Amino acid sequence: MTAYAIGHIRPQTMNEDILRYIEEIQSTMDPFEGRFLVHGNPVEVLEGAFPGDLVIIAFPDIERARAWYASPAYQEILPLRTRHIPADILLVDGVPAGYDATKTAAALRESAGL
């Protein structure tokens, strides 16, 4: 099942460290079959507030997402970002093919006794 690395990146001032991080991140993802789905595109906020940018990287499964984040190659460049950019970084499994939210709602309704 596809897994995602999601980053909420706060506003920052561009500098050499950040540019180097961006230049090198793809090579750290390649061995784990990671690919960008969203990378700094403008966010259209429909509800609430969302200061900053959104990054979404897809991996074939959660194990490869974890392995990428923990890899020596990524850990080597990570401080280039963390020294300059506050962020929330998450890993999450996607839903399986054929996922039906009505079945989830029914299970939640039953477990809540509603």
Side-chain angles (χ1 to χ4, degrees):
M1 181 170 13
T2 304
Y4 304 92
I6 300 171
H8 176 197
I9 311 300
R10 303 306 190 284
Q12 70 279 340
T13 301
M14 194 56 59
N15 64 51
E16 283 299 320
D17 280 354
I18 296 169
L19 290 170
R20 183 173 156 220
Y21 174 85
I22 294 169
E23 290 167 348
E24 295 184 21
I25 190 171
Q26 185 66 52
S27 66
T28 71
M29 295 166 25
D30 288 344
F32 304 96
E33 300 178 60
R35 64 186 179 88
F36 282 103
L37 299 180
V38 176
H39 192 211
N41 297 350
V43 175
E44 182 176 341
V45 179
L46 300 178
E47 296 182 28
F50 195 87
D53 294 317
L54 181 66
V55 175
I56 303 174
I57 304 169
F59 292 89
D61 51 56
I62 196 76
E63 291 80 15
R64 280 182 264 197
R66 287 183 187 126
W68 160 73
Y69 190 86
S71 70
Y74 185 65
Q75 290 298 306
E76 182 178 326
I77 68 167
L78 182 57
L80 297 172
R81 177 181 57 77
T82 59
R83 281 194 299 256
H84 305 285
I85 302 173
D88 299 310
I89 308 297
L90 315 163
L91 295 181
V92 64
D93 269 323
V95 296
Y99 173 79
D100 183 345
T102 59
K103 291 178 183 174
T104 299
L108 291 170
R109 183 179 293 281
E110 182 179 333
S111 70
L114 301 173

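No experiment lies behind these values; they were computed from the predicted model shown.
- Once rounded to the nearest 0.5 Å, the distance linking CD of Glu33 with OG1 of Thr2 reads 10.5 Å.
- Looking at Ile85 and Tyr21, their side chains never come closer than 4.5 Å, going by heavy atoms from C-beta outward.
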Go through the steps for Gln75 and Tyr69 under the test side-chain contact (heavy atoms from CB on, under 4.5 Å), then give the verdict.
-> CA-CA 7 Å; Gln75 290 298 306; Tyr69 190 86; 3.7 Å; yes
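- Checking side-chain atoms of Gln12 against main-chain N and O of His84 turns up no donor-acceptor pair under 3.5 Å.
- Ile25 and Val38 are not part of a single hydrophobic cluster, where members link through side-chain heavy atoms under 4.5 Å apart.
- The shortest distance between side-chain heavy atoms of Leu90 and Tyr4 does not fall below 4.5 Å.
- Once rounded to the nearest 0.5 Å, the distance linking CG of Leu80 with CD of Glu24 reads 7.0 Å.
- In the hydrophobic clustering of ILVMFWY residues, with side-chain heavy atoms under 4.5 Å counting as a link, Ile56 and Trp68 come out apart.
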Could you walk me through whether Arg35 and Phe59 pass the side-chain contact (heavy atoms from CB on, under 4.5 Å) test, one step at a time?
-> CA-CA 7 Å; Arg35 64 186 179 88; Phe59 292 89; over 6 Å; no
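- Counting only heavy atoms from C-beta outward, the side chains of Leu91 and Arg66 approach each other to under 4.5 Å.
- Distance check: Arg64 CZ to Ser71 OG gives 14.0 Å after rounding to the nearest 0.5 Å.
- Taking the six-membered ring for Trp and thresholds of 30 and 60 degrees, His8 and Phe50 have nearly parallel ring planes, at less than 30 degrees apart.
- Between Val43 and Asp53 there is no side-chain heavy-atom pair separated by less than 4.5 Å.
- Phe32 places none of its side-chain heavy atoms less than 4.5 Å from the side chain of Thr28.
- Shown here are the salt bridge (charged side-chain N to carboxylate O under 4.0 Å, His left out) partners of Asp88, two or more places apart in sequence or in another chain: Arg10.
- Hydrophobic clustering places Ile22 together with Val55 (ILVMFWY residues linked when any side-chain heavy atoms are closer than 4.5 Å, directly or through intermediates).
- Crowding of Glu76 atom CD: a count of heavy atoms from other residues, nucleotides or ligands under 6.0 Å not exceeding 12.
- Ile89 places none of its side-chain heavy atoms less than 4.5 Å from the side chain of Ile6.
- Residues that satisfy the side-chain hydrogen bond (donor to acceptor under 3.5 Å, both in side chains) test with Arg83, not counting sequence neighbours, are Asp17.
- Under a hydrophobic-cluster definition in which Ile, Leu, Val, Met, Phe, Trp and Tyr are linked whenever side-chain heavy atoms come within less than 4.5 Å, directly or via other members, Leu108 and Val95 are assigned to different clusters.
- Two different hydrophobic clusters hold Met14 and Leu54 under the rule that ILVMFWY side chains link at heavy-atom gaps under 4.5 Å.
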Quick one: do Leu37 and Ile57 satisfy side-chain contact (heavy atoms from CB on, under 4.5 Å)? Show the steps, please.
-> CA-CA 6 Å; Leu37 299 180; Ile57 304 169; over 6 Å; no
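- Remark: Arg20 does not engage Glu16 in a salt bridge, criterion side-chain N to carboxylate O under 4.0 Å.
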